[in-house]
Amino acid sequence: AQRARLLAVVGLHVNTLKPFTGTKTSVVFLEKWGGAAGEPLDAYPVFLATSQKSGKNNSGEYVFRTDAKGNLVDEDDVPVTESGRPAAIDHDLDEIAEAFVKWGREQGLNFLAED
């Protein structure tokens, strides 16, 4: 706490690191005090999130997104037979990343680049 600010804690789904491990894992994001982070603070907000969809099954094999008919879809939800693109992995980490960036901008964090 004296050396860095806790920015975020993201709990990963238990299948995220399978087949290598089934250990429940969290990712911790820190920003060293000083510079853009400023002087140490006693109290400040922290971003918290928990992944509900890892994109993998219990065996560690990828789970792909499908449409209502069960067809594999790409990142734009277009069936892969139409787009010719690879199937999208069914995970929620992109949504968590977007929520963190939005939260960071609301907090005025300096490390976030403008789009």
Side-chain angles (χ1 to χ4, degrees):
Q2 294 174 351
R3 294 183 184 186
R5 173 184 177 169
L6 177 62
L7 293 174
V9 179
V10 177
L12 301 179
H13 187 279
V14 70
N15 290 344
T16 302
L17 300 178
K18 283 186 176 180
F20 305 105
T21 183
T23 304
K24 181 70 176 136
T25 305
S26 293
V27 180
V28 178
F29 295 85
L30 303 171
E31 181 179 31
K32 187 176 179 180
W33 289 119
E39 295 301 314
L41 301 172
D42 291 329
Y44 51 85
V46 176
F47 179 84
L48 302 172
T50 303
S51 174
Q52 302 297 313
K53 295 189 326 184
S54 67
K56 293 186 178 180
N57 63 19
N58 287 336
S59 298
E61 298 166 342
Y62 287 107
V63 175
F64 297 98
R65 288 193 343 218
T66 58
D67 61 16
K69 296 178 183 177
N71 299 312
L72 292 174
V73 296
D74 64 19
E75 290 291 333
D76 297 320
D77 291 323
V78 176
V80 297
T81 55
E82 294 176 24
S83 71
R85 295 172 49 199
I89 297 172
D90 191 19
H91 66 83
D92 58 4
L93 297 175
D94 289 336
E95 290 86 4
I96 291 172
E98 290 169 7
F100 174 64
V101 168
K102 179 181 177 196
W103 175 87
R105 287 198 173 121
E106 291 168 357
Q107 299 302 314
L109 298 178
N110 296 327
F111 68 88
L112 296 170
E114 292 296 320
D115 293 336

| query | Which residues pass the ring pair (Phe, Tyr, Trp, His ring centres under 6.0 Å) test with Phe64, sequence neighbours left out? | reply | none
| request: Mind checking ring pair (Phe, Tyr, Trp, His ring centres under 6.0 Å) for Tyr44 and listing every partner two or more places apart, or none if nothing turns up? | output: Trp33
| task | Flag yes if Ile89 and Phe20 sit in one hydrophobic cluster, no otherwise; membership is Ile, Leu, Val, Met, Phe, Trp, Tyr, and two members link when side-chain heavy atoms are under 4.5 Å apart. | result | no
| query | Would the Phe29 and Phe100 ring centres measure less than 6.0 Å apart? | reply | yes
| field | Value rounded to 0.5 Å, distance of CG in Leu17 from CG in Leu12 | value | 6.0 Å
| note | Rounded to the nearest 0.5 Å, the CD1 atom of Ile96 sits from the CH2 atom of Trp103 at a distance of 14.5 Å
| request: Kindly write out the residues that satisfy side chain to side chain contact (heavy atoms under 4.5 Å, CB included) with Ser59, not counting sequence neighbours, or none if the list is empty. | output: Asn57, Glu61
| side chain to side chain contact (heavy atoms under 4.5 Å, CB included) with Glu98: which residues, sequence neighbours excluded? | none
Which atom pair, heavy atoms only, marks the closest approach of [X] to [Y]?
X: Val80; Y: Asp74; answer: CG1-N, 3.9 Å
X: Val10; Y: Phe47; answer: CG2-CE2, 4.5 Å
X: Gly11; Y: Ser26; answer: CA-OG, 3.6 Å
X: Ser51; Y: Ser54; answer: OG-N, 4.4 Å
X: Gln2; Y: Pro40; answer: O-CG, 4.4 Å

Identify, with sequence neighbours excluded, every residue that meets side-chain hydrogen bond (donor to acceptor under 3.5 Å, both in side chains) alongside [X].
X: Asn71; result: Asp67
X: Lys53; result: Asp90
X: Thr66; result: none
X: Thr23; result: Thr21

| Pairwise side-chain hydrogen bond (donor to acceptor under 3.5 Å, both in side chains) hits with a residue in residues 5-18, at least two apart | Asn15-Lys18, Asn15-Asn58
| note | salt bridge (charged side-chain N to carboxylate O under 4.0 Å, His left out) filter on Glu75, not counting sequence neighbours, yields Arg65
| remark: The salt bridge (charged side-chain N to carboxylate O under 4.0 Å, His left out) partners of Asp76 (sequence neighbours excluded) come to Arg85
| Criterion side-chain contact (heavy atoms from CB on, under 4.5 Å) on Leu6 and Leu30, from CA distance to verdict | CA-CA 5 Å; Leu6 177 62; Leu30 303 171; 3.8 Å; yes
| request: Please write out which residues are connected to Val63 in a hydrophobic cluster, directly or through intermediates, given that two of Ile, Leu, Val, Met, Phe, Trp, Tyr count as joined at side-chain heavy-atom separations below 4.5 angstrom. | output: none
